[in-house]
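Heads up, the thing below is written out as structure tokens.
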Amino acid sequence: MNTTTCIAAAGSEKASLLCKPKQRVAVRTRSFTTRASSNPGGANVSIPKQWYNLVADLPTHQPLNPSDLAPLFPDELIRQEVTEERFIDIPEEVADVYKLWRPTPLIRARRLEKLLGTPAKIYYKYEGTSPAGSHKPNTAVPQAWYNAVAGVKNVVTETGAGQWGSALSFASSLFGLNCEVWQVRASYDQKPYRRLMMETWGAKVHPSPSSVTESGKKILEGDPASPGSLGIAISEAVEVAATNADTKYCLGSVLNHVLLHQTVIGEECLEQLAAVGDTPDVVIGCTGGGSNFGGLVFPFMREKLAGRMSPAFKAVEPAACPTLTKGVYAYDFGDTAGLTPLMKMHTLGHGFVPDPIHAGGLRYHGMAPLISHVYELGFMEAIAIQQTECFEAALKFARTEGIIPAPEPTHAIAAAIREALECKRTGEKKVILMAMCGHGHFDLASYEKYLRGDMVDLSHSDEKMQEALAAVPKI
């Protein structure tokens, strides 16, 4: 396949878009720092020296206006948000911190394969070895470092399940930043040890909605028992950043520069699979805002665009917050109060508050603009799965592979099991690669609820969703 060949599904109207220039897909060789790690075949694996920017290899993509981002982010992160450069060098200071846990292992799930009786190979890229127990430090560390270099003293953010908040708290402690976090109320109550992790690293944590901000007070006036949402928590953090000159905002997903930093996952994984001579037929990841999915998938998308492989890409979201499968593609606010710039993305409406499912990190009304763009091009699929099926899959995984997954990647595990069982039915020997973005050591209350039979499936309310979509700005 050459660089002008369409790679979307045959017959798709969107496929023709992928045949148009930018014709810059002749990818140069990347440079790496080598470090030994446990990987298939025992091969040495490399820590990438550069992040990969998918924007460089896609048809037209409209970035945010840099002037809209100036009150929230330091200049270098704004530059990364809008750049069309294919590779961005990783600063030495950031790479030095990465060495604490990178490269992360790629593991073949042989015991799970045996349990399922499938002819497929199942690999998972495990990001739970980081200090915070998830993929989130991959971007928290560079965001904290760029802020510190810019002379910023205080950073604020939101968090759902607490993985992002704990990652930024950890990174802030390394670079001398004060960190303040608004954690979604439902997760704040469900996962107290995440809050304690943040506080151990020196962060100040508020349940969201809170009485600390005007946007939080407004939500509480309308619903004193609000479970909160990522959109509400973003409003609170952005409000504080926008009204304090010595404070900047950090975001754990959605924006281009965040997904850029996460591509260390996929870059390592390409090398790890090459070491054992395997190429994925399908790459699967859970999606809330999109950072762990994009981090694993984007380097493989580059390889597909260049004609070197041809995997399918599947994003898995919760049925209670079906942003890609049920949302509309439109300009919308990234937060509930409408304080952020408008972004073109798949959205359920910025006022949509998902039911309090246990995968708190996936309870976001919008999808990353870059992933939304790729989805519109027909270059990936999306499915929504109920949480009881996800936890059933998690038990199969934990009882064979030994790792207790966070609730978020249980969605990827459930989809991978579906794929493996289909291979059992057809006899296909596919190579399935999935993102295992974090462990569930602080999510055991969710497992207790499932094991006791108290967990129920929660679906979105069509009425509530239509009400939220009616408030999406008409652009």
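As a basis for the values below, the full set of heavy atoms in this structure was taken, side chains included, without hydrogen atoms, waters or symmetry mates. Keep in mind it's a predicted model, so treat the numbers as computed, not measured.
Under 3.5 Å, the side chains of Thr139 and Gln262 contain no donor-acceptor pair of N or O atoms. Inspection of the His261 and Gln80 side chains reveals an N or O donor paired with an N or O acceptor under 3.5 Å. A donor and an acceptor atom, one from each side chain of Glu317 and Thr325, are located under 3.5 Å apart. Glu127 and Asn138 form a side-chain donor-acceptor contact under 3.5 Å, judged by distance and modelled atom types alone. Under 3.5 Å, the side chains of His346 and Glu376 contain a donor-acceptor pair of N or O atoms. Side-chain atoms of Glu158 and Ser208 form no donor-acceptor pair, as typed in the model, at a separation below 3.5 Å.
The shortest distance between side-chain heavy atoms of His257 and Tyr146 does not fall below 4.5 Å. Put simply, the side chain of Leu273 does not reach to within 4.5 Å of the side chain of Met309, judged on heavy atoms. In this structure the side chain of Arg302 reaches within 4.5 angstrom of the side chain of Leu270, judged on heavy atoms. You'll find the side chain of Ile371 reaches within 4.5 Å of the side chain of Met380, heavy atoms only. Residues Leu255 and Leu77 form no side-chain contact, since every pair of their non-hydrogen atoms from C-beta on lies 4.5 Å or further apart. Looking at heavy atoms from C-beta onward, Thr336 lies out of side-chain contact with Ser215 at the 4.5 angstrom threshold. The closest side-chain heavy-atom distance from Phe175 to Val97 is below 4.5 Å. Residues Leu348 and Cys321 have side chains in contact (heavy-atom distance under 4.5 Å, counting atoms from C-beta outward).
Lys125 contributes no side-chain N or O that, together with a main-chain N or O of Leu433, makes up a donor-acceptor pair within less than 3.5 Å. Under the 3.5 Å distance criterion, the side-chain polar atoms of Ser187 are matched with a main-chain donor or acceptor of Gly160. Put simply, the side chain of Asp96 never gets that close to the backbone of Glu92: no donor and acceptor are under 3.5 Å apart. In this structure a side-chain-to-backbone donor-acceptor pair under 3.5 Å is present from Lys136 to Gly252. Of the possible polar contacts, none joining the Thr287 side chain to the Gly290 backbone as a donor-acceptor pair under 3.5 Å is found. Put simply, the side chain of Asn53 gets close to the backbone of Thr83: a donor and an acceptor are under 3.5 Å apart. Using a distance-only test at 3.5 Å, with no hydrogens or angles considered, no donor-acceptor pair links the side chain of Ser291 to the main chain of Ser253. Put simply, the side chain of Lys474 gets close to the backbone of Val472: a donor and an acceptor are under 3.5 Å apart. A donor-acceptor distance shorter than 3.5 angstrom exists from the side chain of His365 to the backbone of Phe333, with no hydrogens or angles considered. Checked by atom type and distance alone, the side chain of Asp443 never pairs as donor or acceptor with a backbone atom of Lys191 at under 3.5 Å.
Tested against Ser46 for a side-chain hydrogen bond (donor to acceptor under 3.5 Å, both in side chains), the candidates Glu271, Gln272, Glu268 yield a single pass: Glu271. Between Pro192 and the choices Gln190, Arg194, Arg195, the side-chain contact (heavy atoms from CB on, under 4.5 Å) rule is met once, by Arg195.
Residues forming a ring-ring contact (aromatic ring centres under 6.0 Å, His included) with Phe170 (at least two apart in sequence, or on another chain): Trp201. Residues satisfying the side chain to side chain donor-acceptor pair (under 3.5 Å) criterion with Thr340, sequence neighbours excluded, are Asp335. The ring-ring contact (aromatic ring centres under 6.0 Å, His included) search around Tyr249 returns Phe73, not counting sequence neighbours. In this structure, the ring-ring contact (aromatic ring centres under 6.0 Å, His included) partners of Trp182, at least two apart in sequence or on a different chain, are His206. Every residue was checked against the ring-ring contact (aromatic ring centres under 6.0 Å, His included) condition with Phe300, not counting sequence neighbours, and none meets it.
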* Check the pair Tyr52, Phe87 against side-chain contact (heavy atoms from CB on, under 4.5 Å), reporting the backbone distance first and the verdict last. => CA-CA 5 Å; Tyr52 166 63; Phe87 294 101; 4.0 Å; yes
* Asked: Checking salt bridge (Lys or Arg N to Asp or Glu O under 4.0 Å) for the pair Arg79/Glu76: CA distance, chi angles, key distance, verdict?
  -> CA-CA 5 Å; Arg79 186 187 75 81; Glu76 177 56 26; 2.9 Å; yes
* Given the rule in the side-chain contact (heavy atoms from CB on, under 4.5 Å) test, do Gln50 and Ile88 qualify, once you have shown the distances and angles that lead to the verdict? -> CA-CA 5 Å; Gln50 295 173 313; Ile88 304 294; over 6 Å; no
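In this structure, His439 and Phe442 have tilted ring planes: the angle between them lies in the 30° to 60° band.
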Please tabulate, for side-chain N and O atoms in residues 149-156, each donor-acceptor pair with protein atoms closer than 3.5 Å (sequence neighbours left out).
from   : atom 1 : to     : atom 2 : distance (Å)
Asn154 : OD1    : Asn178 : ND2    : 2.9
Asn154 : ND2    : Asp246 : OD2    : 3.1

